[in-house]
Amino acid sequence: MADKKLSLGKYVFNSYGEFRDAQEDVQKIDIIKRELDLSDSEVVLRLYNMIRDGEISFKTAVGKEFFMHISDLVAGSSDKLLAEQSDVEQIERSFRFQKILGRVLIAVAAVAFAYVGYVEIRDYRYTNKLKNLQSQVTASTTTNEERLAKLQGDLAGLNNLPQIAQGEVLPDDTDVPEGEEPVDETTEPQLIDRNTLTVLPEYADLYYANNDMAGWISIPDTDINYPVMQSFVDEDFYIDHDFYGEKDSNGTIFIDSRCDIVNQTDNTILYGHNMRSGMMFGSLKKYQKDNYFNEHKYIYFDTIYEHRIYEVVAVCLSKVSFQDVAEFRYYNYINSLSPTDFAEFYAHISEYNVHKGAVELTPEDKILTLSTCNSYTEDGRLFIVAKRVQ
């Protein structure tokens, strides 16, 4: 059943709140017309200034149209006054310029108002789309809170392991059947075939709707709760497209095409816009504050095949450098980091980290990096470094 539209004269409103705001604007206009003599140019000019300076405000297009009417009255009164001046031609030329400028300014204001409206409508539509995606993600067998509690329990259990006395030799429980060779654990691990994996039930519908879906990222008590995409055809596609492949300046969170979510690369990099509305990675800048950093340590990044939890270890500020400049580029540290590579990576992370203290990261850790723009410098970047803990 279609939503019932609320109308007031020629205006139609999509919500009861907007309709009520329009009614309030109409009441204000009725009082003004009843109490003021709008044929008096001085009264009209004072009214114009009061509306312009915000002493009298309107919330909807009804009020905006009335203000335009008052502006025309002021302009008409000015025409009359100018005609009474001695140097009519010179003043008329000056006034025409001012009138044109005024209309240009009004037009600019109208464009700005329309743009604000467009942004609000765009964000409203995106929010509805996002809610639709979130509603399709069925409840997991365990919630994020339960997964975190289990992780903390497992970590606490490590402290209860039996202590080994110095010089004590542990018994070798390895039992190799006769005729079989022991497994050499130093050999390269066998790569996992993606085709042998099963998509998690909560992501199945979304994956079959768009096979570019690689996972889902959420950070408790934040606005970050989004699908994560990865395109190998056009690696930058989701910079300005939504989950459904439609053009959208918000874009979508996406994984660097060089990263592998199945045979996990040493560093998995996720990109997202720093939107002023706070959408995408717009809220990551809050991690620069100590309290926020300490209270939002865990990132839940699920691939479509596996649940994962990461712990934030560093919050860094950097920038994109020209290709011929020999500077640290965190986004090029992806896979097979040699001891030298990791040492260099770790040194720079420690240098760029905005929080004090050692960065708890080892060469064995699997890393997740969240990357977004930051205006602290030209071509600035903010990136969050986290290590996998489950």
Side-chain angles (χ1 to χ4, degrees), residues 119 122-140 143-145 147-148 199-232 234-257 259 261 268-287 292 296-312 315 331 367-374 381-386 388:
V119 171
R122 179 200 66 190
D123 291 346
Y124 175 77
R125 289 183 59 198
Y126 188 88
T127 300
N128 281 345
K129 287 183 178 181
L130 179 60
K131 288 180 179 179
N132 180 53
L133 292 175
Q134 293 169 342
S135 67
Q136 292 184 59
V137 178
T138 57
S140 304
T143 65
N144 286 343
E145 290 76 11
R147 289 162 59 189
L148 180 58
V199 176
L200 293 171
E202 58 264 41
Y203 303 124
D205 289 343
L206 295 182
Y207 174 71
Y208 294 124
N210 186 342
N211 291 162
D212 282 346
M213 182 179 178
W216 192 280
I217 184 172
S218 63
I219 303 178
D221 301 321
T222 75
D223 293 330
I224 295 178
N225 188 23
Y226 301 115
V228 178
M229 316 302 288
Q230 187 176 33
S231 173
F232 298 102
D234 180 358
E235 61 184 19
D236 296 329
F237 181 78
Y238 290 101
I239 287 179
D240 54 4
H241 288 80
D242 64 16
F243 174 88
Y244 300 98
E246 297 178 1
K247 198 79 172 179
D248 193 309
S249 59
N250 285 294
T252 312
I253 308 301
F254 65 97
I255 303 177
D256 193 302
S257 61
C259 299
I261 63 170
T268 303
I269 305 178
L270 275 57
Y271 301 101
H273 286 306
N274 178 10
M275 303 301 293
R276 289 184 179 180
S277 63
M279 290 184 180
M280 299 301 108
F281 281 166
S283 62
L284 288 185
K285 53 182 171 287
K286 297 179 182 178
Y287 269 98
Y292 194 91
H296 299 83
K297 276 295 189 72
Y298 292 100
I299 299 173
Y300 297 86
F301 169 52
D302 295 343
T303 71
I304 55 175
Y305 306 111
E306 179 182 33
H307 294 128
R308 296 176 181 177
I309 301 178
Y310 292 81
E311 181 182 0
V312 178
V315 180
Y331 42 84
I367 303 168
L368 177 69
T369 300
L370 312 184
S371 175
T372 191
C373 298
N374 190 277
R381 293 293 184 271
L382 168 71
F383 62 101
I384 309 295
V385 179
R388 186 175 180 181

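Nearest heavy atoms, K247 versus D240: NZ-OD2, 2.9 Å. Considering every non-hydrogen atom in both R381 and C373, the closest pair reads NH1-SG, 3.7 Å. Residue I261 comes nearest to A214 through the heavy atom pair CD1-O, 3.5 Å, listed as atom of the first residue, atom of the second, then distance.
When the side-chain hydrogen bond (donor to acceptor under 3.5 Å, both in side chains) test is applied to T369, the partners found at least two apart in sequence or on another chain are N267. Scanning for side chain to side chain contact (heavy atoms under 4.5 Å, CB included) contacts around N225 gives Q134, W216, S218, with sequence neighbours left out. For F232, the side chain to side chain contact (heavy atoms under 4.5 Å, CB included) partners at least two apart in sequence or on another chain are Q230, S257. For Y287, the ring-ring contact (aromatic ring centres under 6.0 Å, His included) partners are Y292, not counting sequence neighbours. With sequence neighbours left out, S371 forms a side-chain hydrogen bond (donor to acceptor under 3.5 Å, both in side chains) with Y330. By the ring-ring contact (aromatic ring centres under 6.0 Å, His included) test, F254 pairs with Y271, sequence neighbours left out. D223 is linked by a salt bridge (Lys or Arg N to Asp or Glu O under 4.0 Å) to nothing, counting only residues two or more places apart in sequence or in another chain. For F281, there are no ring-ring contact (aromatic ring centres under 6.0 Å, His included) partners two or more places apart in sequence or in a different chain. The salt bridge (Lys or Arg N to Asp or Glu O under 4.0 Å) test applied to E235 returns no partner, not counting sequence neighbours. Remark: D234 engages no residue in a side-chain hydrogen bond (donor to acceptor under 3.5 Å, both in side chains) (not counting sequence neighbours). Residues that satisfy the ring-ring contact (aromatic ring centres under 6.0 Å, His included) test with F237, not counting sequence neighbours, are H241. Partners of D256 by salt bridge (Lys or Arg N to Asp or Glu O under 4.0 Å), not counting sequence neighbours, listed by chain and number: R258.
In this structure, L368 and L270 have side chains that are in contact, with non-hydrogen atoms separated by less than 4.5 Å. In this structure, N274 and L284 have side chains that are not in contact, with every pair of non-hydrogen atoms separated by 4.5 Å or more. Looking only at side-chain heavy atoms (C-beta outward), L382 and K285 come within less than 4.5 Å of each other.
Formation of a donor-acceptor pair under 3.5 Å by the N210 side chain with backbone atoms of F243 is found in this model. For the pair Y226 (side chain) and T252 (backbone), a donor-acceptor distance under 3.5 Å is absent. With hydrogens and angles ignored, the 3.5 Å screen pairs a side-chain donor or acceptor of D302 with a backbone N or O of R308.
Atom-to-atom distance recorded for I384:CD1 and L370:CG is 6.5 Å, nearest 0.5 angstrom. Taking CG of D212 as the start and CE of M229 as the end, the distance is 5.5 Å to the nearest 0.5 Å. To the nearest 0.5 Å, atom OG of residue S249 and atom CG of residue D242 are 10.5 Å apart.
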Review point. Yes or no on side chain to side chain contact (heavy atoms under 4.5 Å, CB included) for I304 and M213, after CA distance, side-chain angles and deciding distance?
Key: CA-CA 8 Å; I304 55 175; M213 182 179 178; 4.2 Å; yes
